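Heads up: numbering here begins at 1 and tracks the sequence. Because the structure is predicted, anything quoted here is derived from the model rather than measured.
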Amino acid sequence: MDKKLTEDLVLEQENKLCKAIKDGNVSMLDELLHKDLLFIIPSGEVITKEVDLKTYRDGVLKIDELAPVIENLNIIDDMAVITLTMTLKGNYNEVAFEATYRYIRFWKKIDGGIRVVGGSGIAI
């Protein structure tokens with residue numbers, strides 16, 4: 001995938017990410033997240049890619065419904081910054097939840113593809 005970084009490409013990858021989150025698809029998440037990912041989850045904790053993948057691998061987080069709405073998408077050289085709101089419904093540690101979050105993600109063109117290198121999510 002040695003393509004120029006475009007809005008369409010970022011949105012395509014963002015859609016793959018949302019589907020992987022909803023499906024709990026660890027192999028797809030592994031492909032889309034950079035090995036050095038840092039992400040701030042709604043509790044304020046900073047997690048790594050491995051921590052995120054373990055959450056899905058162990059079945060701690062299960063998403064039943066996911067409805068993203070893109071707010072902004074800026075492309076800066078070989079990086080894209082995207083903000084979106086997302087309504088999620090599912091279970092975390094077997095406790096049901098339903099909430100809306102605002103996310104920012106940083107997609108970077110690396111090794112012929114693009115991967116999430118960082119981001120944050122807060123409840124709104």
Derivation of the side chain to side chain contact (heavy atoms under 4.5 Å, CB included) call for Asp64 and Asn91
CA-CA 8 Å; Asp64 299 318; Asn91 285 278; 4.0 Å; yes
Give the intermediate values and the outcome of salt bridge (charged side-chain N to carboxylate O under 4.0 Å, His left out) for residues Lys19 and Glu14.
CA-CA 9 Å; Lys19 182 168 176 23; Glu14 187 67 36; over 6 Å; no
Give the minimum heavy-atom separation between Pro68 and Leu84, together with the two atoms involved.
CB-CD1, 3.9 Å
Which pair of non-hydrogen atoms, one from Ala80 and one from Val10, has the smallest distance, and what is that distance?
CB-CG2, 3.6 Å
Do Leu88 and Glu98 touch side chain to side chain, with heavy atoms closer than 4.5 Å?
no
Any link between Trp107 and Ile21 through a network of hydrophobic side chains (Ile, Leu, Val, Met, Phe, Trp, Tyr) touching at under 4.5 Å?
yes
Are there more than 12 heavy atoms of other residues, nucleotides or ligands under 6.0 Å from atom NZ of Lys62?
no
So how far is it from Ile47 CD1 to Ile41 CD1, rounded to the nearest 0.5 Å?
5.5 Å
Please work out which of the three classes, parallel, tilted or perpendicular, describes the rings of Tyr101 and Phe97, given edges at 30° and 60°.
perpendicular
Criterion salt bridge (charged side-chain N to carboxylate O under 4.0 Å, His left out) on Lys108 and Asp78, from CA distance to verdict:
CA-CA 6 Å; Lys108 182 161 176 50; Asp78 65 349; 2.6 Å; yes
Side chain to side chain contact (heavy atoms under 4.5 Å, CB included) between Leu32 and Gln13: does it pass, once the steps are laid out?
CA-CA 8 Å; Leu32 294 169; Gln13 296 302 95; 3.3 Å; yes
With a 4.5 Å heavy-atom cut-off, do His34 and Val116 have their side chains touching?
no
Using 0.5 Å steps for rounding, measure from the CD1 atom of Ile114 to the CG atom of Leu9.
4.0 Å
Atom OG1 of Thr83 and atom CG of Asn72: how far apart are they, to the nearest 0.5 Å?
3.5 Å
State, with a plain yes or no, whether a side-chain heavy atom of Lys49 is found less than 4.5 Å away from one of Asp30.
yes
Is there a donor-acceptor pair under 3.5 Å between the side chain of Asp23 and the backbone N or O of Asn25?
no
Mind listing the closest non-hydrogen atom pair of Ile75 and Glu7 along with its distance?
CD1-N, 3.3 Å
Drop me the distance from Arg57's CZ to Asp52's CG, to the nearest 0.5 angstrom.
10.0 Å
What about Val117 and Leu11, same hydrophobic cluster or not, with Ile/Leu/Val/Met/Phe/Trp/Tyr joined at side-chain heavy-atom distances under 4.5 Å?
no
Over all atoms of both residues, closest heavy-atom pair of Ile63 and Glu65:
CG2-O, 3.3 Å
Ile122 with Phe39, same ILVMFWY side-chain cluster at under 4.5 Å:
no
Provide the closest heavy-atom pair for Arg115 versus Glu31 in the form atom of the first, atom of the second, distance.
NE-O, 3.2 Å
Audit row: Arg105, Leu17, side chain to side chain contact (heavy atoms under 4.5 Å, CB included) steps and yes/no:
CA-CA 11 Å; Arg105 281 196 263 271; Leu17 180 64; 3.3 Å; yes
Would one find more than 12 heavy atoms of other residues, nucleotides or ligands at under 6.0 Å from atom CG of Asp77?
no
Please check if the side chain of Asn74 supplies one atom and the backbone of Val81 the other of a donor-acceptor pair under 3.5 Å.
no
Looking only at side-chain N and O atoms, does Thr85 offer a donor or acceptor that is under 3.5 Å from a partner on Thr100?
no
What are the two closest heavy atoms between Met28 and Lys16, and how far apart are they?
CG-O, 4.3 Å
Using the rule that Ile, Leu, Val, Met, Phe, Trp and Tyr join whenever any side-chain heavy atoms are under 4.5 Å apart, tell me whether Leu37 and Met79 fall into a single cluster.
no
Are Tyr103 and Leu38 connected, step by step, through hydrophobic side chains (Ile, Leu, Val, Met, Phe, Trp, Tyr) whose heavy atoms are closer than 4.5 Å?
no
Run Tyr56 and Leu29 through side chain to side chain contact (heavy atoms under 4.5 Å, CB included) and show every step you take.
CA-CA 9 Å; Tyr56 291 95; Leu29 289 168; 3.6 Å; yes
